[in-house]
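First up is the structure itself, then whatever we jot down about it.
Just so we're clear, the structure is a prediction, and the values are computed from it rather than from any experiment. All residue numbers refer to positions in the sequence shown, counting from 1.
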Amino acid sequence: DGILHHQENVDLLPANIELSALEVTMGNVMSREMIMKEYIDAIRCRYDYILIDCPPSLSLLTLNALTASDRLIIPVQAQFLAMRGMAKLMQVVHKVQQRLNSDLSIAGGLITQYDGRKNLNKSVSELVQETFQGKVFSTHIRNAITLAEAPTQGQDIFHYAPKSAGAEDYEKVCNELLTEIK
């Protein structure tokens, strides 16, 4: 089963080493881009929300996640190099919408590692706004050391540093998303 049941009424299904081999075995399977959707559809009624975290690559697993999802949050580091793959990602998203999942919509671009004092970060923010045609979360995730420290302690930011800028920013993003969903 592999699902971890957390006391705060959250279930987690963490990745493991077998996941890296899955993509190789999916290579010859018919309708391979629909595999995750079938699993998600089977459990969807048990959950209010299902979040799928993907690596920053356009792999078969990412394609499966796009096919299984209703909304897409696209994290973008506030650096110009992070913008280089956005055009390709948007092409893939449009193809998925046309061919595999017409229900997929972009909830928004999420700017991370943001420092409002840096002109470069402000320029990237404007470029992200343009790329996603205004579909960008108004909250930017500020560059905060606590966000890097929390996972090293095996904790989320809300338990590790609940009063930090990182916790504040992620709470605001969650509220934006919930408002958009409702």
Side-chain angles (χ1 to χ4, degrees), residues 2-3 10-16 18-114 121-141 169-170 172-182:
I3 296 176
V10 173
D11 288 349
L12 300 171
L13 181 59
N16 58 38
E18 293 169 13
L19 190 60
S20 61
L22 181 64
E23 192 151 355
V24 174
T25 59
M26 287 176 19
N28 295 322
V29 175
M30 191 154 68
S31 299
R32 61 184 178 258
E33 62 281 335
M34 304 297 283
I35 294 171
M36 189 182 298
K37 179 177 177 25
E38 291 171 11
Y39 284 108
I40 297 286
D41 285 349
I43 63 165
R44 193 179 293 263
C45 62
R46 294 189 222 163
Y47 296 97
D48 295 325
Y49 304 99
I50 298 173
L51 302 175
I52 305 168
D53 186 19
C54 298
S57 65
L58 294 173
S59 66
L60 188 52
L61 288 172
T62 301
L63 183 60
N64 263 265
L66 293 173
T67 304
S69 298
D70 299 320
R71 286 180 182 77
L72 177 62
I73 299 170
I74 304 171
V76 182
Q77 292 177 356
Q79 302 167 6
F80 275 116
L81 285 178
M83 290 300 301
R84 291 180 67 191
M86 286 303 113
K88 180 66 174 168
L89 174 63
M90 296 310 294
Q91 288 174 357
V92 171
V93 169
H94 292 309
K95 283 184 183 175
V96 168
Q97 289 170 323
Q98 291 170 349
R99 300 178 185 170
L100 299 168
N101 183 2
S102 60
D103 293 331
L104 179 64
S105 65
I106 295 175
L110 176 60
I111 298 173
T112 64
Q113 298 182 2
Y114 185 77
N121 284 190
K122 291 177 186 176
S123 298
V124 170
S125 177
E126 291 168 10
L127 190 55
V128 170
Q129 287 283 351
E130 185 181 310
T131 301
F132 295 115
Q133 299 165 351
K135 281 198 144 199
V136 178
F137 288 93
S138 61
T139 303
H140 297 350
I141 306 301
D169 292 347
Y170 274 108
K172 286 180 179 177
V173 168
C174 288
N175 288 332
E176 278 188 65
L177 184 60
L178 289 172
T179 299
E180 189 263 335
I181 289 171
K182 293 174 183 171

Minimum heavy-atom distance between [X] and [Y], given as atom pair plus value:
| X | Y | answer |
| --- | --- | --- |
| A68 | I40 | CB-CG1, 4.1 Å |
| N121 | A78 | ND2-O, 2.8 Å |
| I52 | A65 | CG2-CB, 3.8 Å |
| P55 | T62 | O-OG1, 3.9 Å |
| Y114 | K122 | OH-CG, 3.7 Å |
| R32 | L60 | CD-CD2, 3.5 Å |

Measure the spacing between [atom1] of [X] and [atom2] of [Y] and express it to the nearest 0.5 Å.
| X | Y | atom1 | atom2 | result |
| --- | --- | --- | --- | --- |
| T112 | F137 | OG1 | CZ | 12.5 Å |
| L66 | K95 | CG | NZ | 13.0 Å |
| Q133 | M90 | CD | CE | 7.0 Å |
| L13 | I43 | CG | CD1 | 8.0 Å |
| I106 | R71 | CD1 | CZ | 12.5 Å |

pair [X]-[Y]: side-chain heavy atoms closer than 4.5 Å:
| X | Y | answer |
| --- | --- | --- |
| V124 | I111 | no |
| Q91 | K88 | yes |
| L63 | L100 | yes |
| I74 | M86 | yes |
| M34 | T67 | yes |
| L72 | L104 | yes |
| L61 | C54 | no |

- Tell me, with the steps shown, if K37 and N101 meet side-chain contact (heavy atoms from CB on, under 4.5 Å). CA-CA 10 Å; K37 179 177 177 25; N101 183 2; 6.0 Å; no

- Query: More than 12 heavy atoms of other residues, nucleotides or ligands under 6.0 Å from OH of Y47: is that the case?
  - Reply: yes

- Query: When you look at CG of L12, are more than 12 heavy atoms from neighbouring residues, nucleotides or ligands closer to it than 6.0 Å?
  - Reply: yes

- Does A107 offer a backbone N or O that forms a donor-acceptor pair with the side chain of E180 under 3.5 Å? no

- Between N64 (side chain) and I35 (backbone), is there a donor-acceptor pair under 3.5 Å? yes

- Task: Evaluate side-chain contact (heavy atoms from CB on, under 4.5 Å) for D70 paired with R44, printing each intermediate quantity in order.
- Result: CA-CA 12 Å; D70 299 320; R44 193 179 293 263; 3.2 Å; yes

- Item | With S125 via side chain to side chain donor-acceptor pair (under 3.5 Å) - residues at least two apart | H140

- So does D169 pair up with K172, basic N to acidic O under 4.0 Å? no

